[in-house]
Amino acid sequence: MMHQMRAEYGPAGSSGPVANWHIVRNDDLVAMCGRELDAGTPLQDAAHWTADPDRNCHTCGALYLRESPYLPDEHA
């Protein structure tokens, strides 16, 4: 399964900054936390999850970690 991050904008919509990043499976429009997201919002690889943690959905992150394999040689 491939995970990606999908943006959620705030009240200003796409003219404003990204309010939160959610994790989706493949290119789904429903985040792992259950929030429905717009099709036009940006996607990025889930590897960017650590880039701006203050803007990441905590619930999506917890569920993502449960579905991601732990590879010890990646954490040396």
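Everything numeric here is computed off the predicted structure, so don't read it as measured data. If you read the sequence from its start, that first residue is 1, and numbering goes on from there.
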Participant: Examine distances only and state if a side-chain atom of Q4 and a backbone atom of N26 form a donor-acceptor pair shorter than 3.5 Å.
Facilitator: yes

Participant: Check whether any side-chain heavy atom of N56 sits under 4.5 Å from a side-chain heavy atom of M5, and report yes or no.
Facilitator: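 A side-chain contact exists here, since the closest heavy-atom pair is under 4.5 Å.
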
Participant: Can you find a pair of side-chain heavy atoms, one from H22 and one from N20, that are under 4.5 Å apart?
Facilitator: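 Sidechains of N20 and H22: in contact.
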
Participant: Looking only at non-hydrogen atoms, find the nearest pair between L37 and A7 and report the distance.
Facilitator: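 Heavy atoms of L37 and A7 come nearest at CD2-O, 4.3 Å.
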
Participant: Are any of the side-chain heavy atoms of M2 and R25 separated by less than 4.5 Å?
Facilitator: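 The answer is no, as the side chains (C-beta and beyond) never meet within the 4.5 Å cut-off.
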
Participant: Check whether any side-chain heavy atom of V30 lies under 4.5 Å from a side-chain heavy atom of V24, and answer yes or no.
Facilitator: no

Participant: Please name the pair of heavy atoms, one in H3 and one in I23, separated by the smallest distance, quoted to 0.1 Å.
Facilitator: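 H3 and I23 have their closest heavy atoms at CD2-CG2, 3.9 Å.
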
Participant: Could you check if a side-chain atom of W21 sits within less than 4.5 angstrom of a side-chain atom of Q44, using non-hydrogen atoms only?
Facilitator: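 The answer is yes, as the side chains (C-beta and beyond) meet within the 4.5 Å cut-off.
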
Participant: Please report the closest heavy-atom contact between L29 and A39, naming both atoms and the distance.
Facilitator: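 Smallest interatomic distance, heavy atoms only, reads CD2-CA, 3.4 Å.
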
Participant: Are any side-chain N or O atoms of R6 and backbone N or O atoms of A31, one a donor and one an acceptor, separated by less than 3.5 Å?
Facilitator: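 Here the side-chain-to-backbone pair does not exist.
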
Participant: Distance check, rounded to the nearest 0.5 Å: T59 atom OG1 versus M32 atom CE?
Facilitator: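 Between atom OG1 of T59 and atom CE of M32 there are 10.5 Å.
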
Participant: Hey, what's the ring geometry for Y64 with W49, parallel, tilted or perpendicular (30° and 60° as the breaks)?
Facilitator: tilted

Participant: Could you check D27 against L43 for side-chain contact (heavy atoms from CB on, under 4.5 Å), going step by step and ending with a plain yes or no?
Facilitator: CA-CA 8 Å; D27 60 352; L43 282 170; 4.2 Å; yes

Participant: What pair of heavy atoms forms the shortest contact from C33 to C60, and how long is it?
Facilitator: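 In this case the closest contact between C33 and C60 is N-SG, 3.5 Å.
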
Participant: At their closest point, which heavy atom of A12 faces which heavy atom of S15, and how far apart are they?
Facilitator: O-OG, 2.8 Å

Participant: Using side-chain heavy atoms (C-beta onward) and a distance below 4.5 Å, is Y9 in contact with P42?
Facilitator: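 In contact.
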
